[in-house]
There are 2 protein chains.
Amino acid sequence: MPRPRSPLLSAEAIVTAALDMIDETGNFSFPRIARRLEVSQSSLYNHIQNREHIIELIRARVFTEPLSLPVAELPWDEALRTVVRAYRACIAAHPRLVPLILAQTVQDAGALGAYESMALALEQAGLPPQRIVSALFLIDNLVLGSAMELTAPAVAWAPPPGAFPALQRALEAPHTVEGRAEAAFELGLAVLVDGLRAQEFTQN
Amino acid sequence: MPRPRSPLLSAEAIVTAALDMIDETGNFSFPRIARRLEVSQSSLYNHIQNREHIIELIRARVFTEPLSLPVAELPWDEALRTVVRAYRACIAAHPRLVPLILAQTVQDAGALGAYESMALALEQAGLPPQRIVSALFLIDNLVLGSAMELTAPAVAWAPPPGAFPALQRALEAPHTVEGRAEAAFELGLAVLVDGLRAQEFTQN
DNA sequence: ACCTGAACACCGTTCAAGT
DNA sequence: ACCTGAACACCGTTCAAGT
């Protein structure tokens with residue numbers, strides 16, 4: 001087939017197909033995108049640079065808009081809770097994306113806006129500058145970790161019967177995967193705010 | 001080559017080669033293991049079942065011994081700090097392993113021993129049973145997340161010049177990758193212990 | 001500018017064949 | 001029991017060739 005009158009393909013269509021495939025199967029591939037869009041594999045490269053580039057475009061799509069919240073007038077703990085929950089909502093809609101975006105430099109403006117809001121709240125909390133980066137990492141761990149739990153195996157620990165009694169007792173409590181992930185996130189957020197307040201450098 | 005008098009290969013040799021390759025490059029593959037051990041790719045399957053199985057064997061090797069600590073007589077916060085630090089020491093020696101072991105059910109006895117100790121400490125702290133699983137997830141996030149930071153890009157956030165001032169201020173503080181990861185872990189551990197203490201259900 | 005098919009260097013896994 | 005080579009179904013990326 002020669003060049004069609006209007007393009008068969010676009011970066012947007014590729015990103016949509018890839019994100020759908022991630023939500024469905026946990027990953028994407030060039031052959032599967034091409035098959036779904038009824039196009040040849042090599043033509044994808046007319047619209048995106050490579051695999052990494054697709055992931056960056058997905059990150060931008062997932063983190064747009066909801067992350068620049070009017071939060072400046074709230075007390076720091078309220079502001080922090082609000083932004084962290086909004087950040088989690090973005091990624092919890094696509095939990096299988098987490099392993100693909102881990103450990104890559106964040107350059108997307110939407111995501112950076114969320115970190116800016118969090119850094120401001122942490123300054124208001126009285127954290128010294130060099131601790132703010134640490135706290136941002138902790139928040140990242142909390143949000144991404146508890147989102148990953150949404151797709152973790154239902155049984156996260158499988159102790160053999162008769163051993164590890166305290167672990168067995170803890171695992172007896174009934175739960176769903178969603179409830180478990182949500183509970184861990186909310187406990188983590190409460191512990192984070194109260195724990196930061198308890199550090200000596202906080203001023204209130 | 002027919003069957004040799006003494007085996008050329010063993011599960012141990014495969015695990016060693018795979019773990020070395022993970023430490024060096026962040027991943028392993030059957031062709032590269034076979035090349036390093038000077039053996040054919042298909043002969044690996046005489047000693048291990050598949051790729052997942054290799055990862056499970058690596059997990060068992062990395063988490064053996066240091067994780068059943070005599071911790072029962074310590075106050076809960078001391079016990080928790082000790083076990084969490086020992087857990088972190090295991091994985092911080094092989095930070096590039098983290099993405100490979102994330103989100104798989106833990107069955108290794110060594111690793112389960114660490115979780116048992118942590119569950120006991122959390123019981124002593126007064127956490128209700130259904131919160132203990134949440135707290136174990138938080139600890140996992142903290143340990144694995146801060147280990148992954150050891151191999152993260154030196155620049156975790158790249159805000160464009162002139163925007164995101166609070167983030168820029170936070171990033172100005174000088175740091176090494178190791179120092180940054182260590183600082184985040186220690187802040188997280190302090191926040192975790194103090195934050196747990198601040199929750200209403202704790203009794204001391 | 002945009003699509004195609006062929007080619008290349010990589011993967012994990014299976015299996016018949018050797019001793 | 002343990003190794004081999006061939007085969008298969010997958011990957012990501014490049015490139016000359018079409019219009």
Side-chain angles (χ1 to χ4, degrees), chain A residues 1-59 96-105 153, chain B residues 1-60 96-105:
Chain A
M1 190 199 289
R3 175 162 77 102
R5 287 128 159 262
S6 70
L8 299 175
L9 224 43
S10 66
E12 286 66 38
I14 293 171
V15 167
T16 300
L19 184 53
D20 286 349
M21 282 173 40
I22 290 167
D23 289 340
E24 291 161 13
T25 71
N27 211 338
F28 72 93
S29 78
F30 282 76
R32 285 192 288 144
I33 291 177
R35 237 173 287 142
R36 180 174 299 204
L37 299 180
E38 293 183 303
V39 105
S40 87
Q41 193 177 158
S42 53
S43 62
L44 300 177
Y45 287 88
N46 289 304
H47 302 269
I48 51 86
Q49 295 165 24
N50 51 35
R51 187 180 161 90
E52 285 290 304
H53 188 207
I54 294 179
I55 294 173
E56 280 311 297
L57 293 174
I58 293 173
R59 192 207 292 268
R96 308 185 83 165
L97 184 57
V98 174
L100 302 179
I101 63 171
L102 275 177
Q104 290 186 30
T105 303
Chain B
M1 190 198 290
R3 174 162 78 103
R5 287 129 157 261
S6 71
L8 299 175
L9 224 43
S10 66
E12 286 68 37
I14 294 171
V15 167
T16 299
L19 184 53
D20 286 350
M21 284 175 37
I22 290 167
D23 288 341
E24 292 161 15
T25 72
N27 212 338
F28 72 92
S29 78
F30 283 76
R32 286 193 287 146
I33 292 176
R35 237 173 286 143
R36 180 174 296 205
L37 299 180
E38 293 182 303
V39 104
S40 86
Q41 192 178 158
S42 54
S43 61
L44 300 177
Y45 287 88
N46 288 304
H47 302 269
I48 50 84
Q49 295 163 26
N50 51 34
R51 188 180 160 89
E52 285 291 303
H53 187 209
I54 294 178
I55 295 173
E56 280 312 297
L57 294 174
I58 293 173
R59 191 206 293 268
R96 308 184 84 166
L97 183 57
V98 174
L100 303 179
I101 63 171
L102 276 177
Q104 290 187 30
T105 303

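The shown structure was predicted, so the numbers you read here are calculated from the model rather than taken from an experiment. Proteins come first, then strands; the chains are lettered A, B, ... in the order of their sequence lines, and each starts at number 1.
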For nucleotides 5-11 of chain D, give me one character per nucleotide, 5' to 3': B if any protein heavy atom sits under 4.0 Å from the base, S if the only such contacts are to the sugar-phosphate, - if neither.
B-----S

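The interatomic distance linking A/Y45 (OH) with C/dT4 (C1') rounds to 15 Å, in whole Å. For the pair A/N46 CG and C/dT4 C1', the computed distance is 10 Å after rounding to whole Å. Nucleotide D/dA1 holds its C1' atom 16 Å from the CD1 atom of B/I48, rounded to whole Å. In this structure, B/N50 atom CG and C/dG12 atom C1' are separated by 9 Å, rounded to whole Å. A straight line from CD1 of A/I33 to C1' of D/dT13 spans 14 Å, rounded to a whole angstrom. The distance between atom CG of B/L44 and atom P of C/dG12, rounded to the nearest whole Å, is 10 Å.
Nearest heavy atom pair, residue B/H47 against residue B/I14, reads CB-CD1, 3.8 Å.
With sequence neighbours excluded, the residues satisfying side-chain hydrogen bond (donor to acceptor under 3.5 Å, both in side chains) with A/E52 are A/Q104. In this structure B/R35 satisfies the side-chain hydrogen bond (donor to acceptor under 3.5 Å, both in side chains) test with no other residue, sequence neighbours excluded. Applying the side chain to side chain contact (heavy atoms under 4.5 Å, CB included) test to A/T16 and every residue at least two apart in sequence or in another chain returns A/D20, A/R61. In this structure B/N27 satisfies the side chain to side chain contact (heavy atoms under 4.5 Å, CB included) test together with B/R32, B/R51, B/L100, sequence neighbours excluded.
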Step by step, work out the side chain to side chain contact (heavy atoms under 4.5 Å, CB included) result for B/I55 and B/F28.
CA-CA 10 Å; B/I55 295 173; B/F28 72 92; 4.0 Å; yes

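Under the 4.5 Å side-chain criterion, counting only non-hydrogen atoms from C-beta, A/L102 is not in contact with B/P99. At a threshold of 4.5 Å between non-hydrogen side-chain atoms, the residues A/N46 and A/L9 do not count as touching.
Remark: A/H47 is in phosphate contact with C/dC3, judged by side-chain N or O atoms under 4.0 Å from OP1 or OP2.
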Starting at the 5' end of DNA chain D, what dot-bracket string do you get if Watson-Crick and G-U pairs under 3.5 Å are bracketed, crossing pairs use [ ], other-strand pairs use | and unpaired bases use dots?
||.|||||...|||||.||

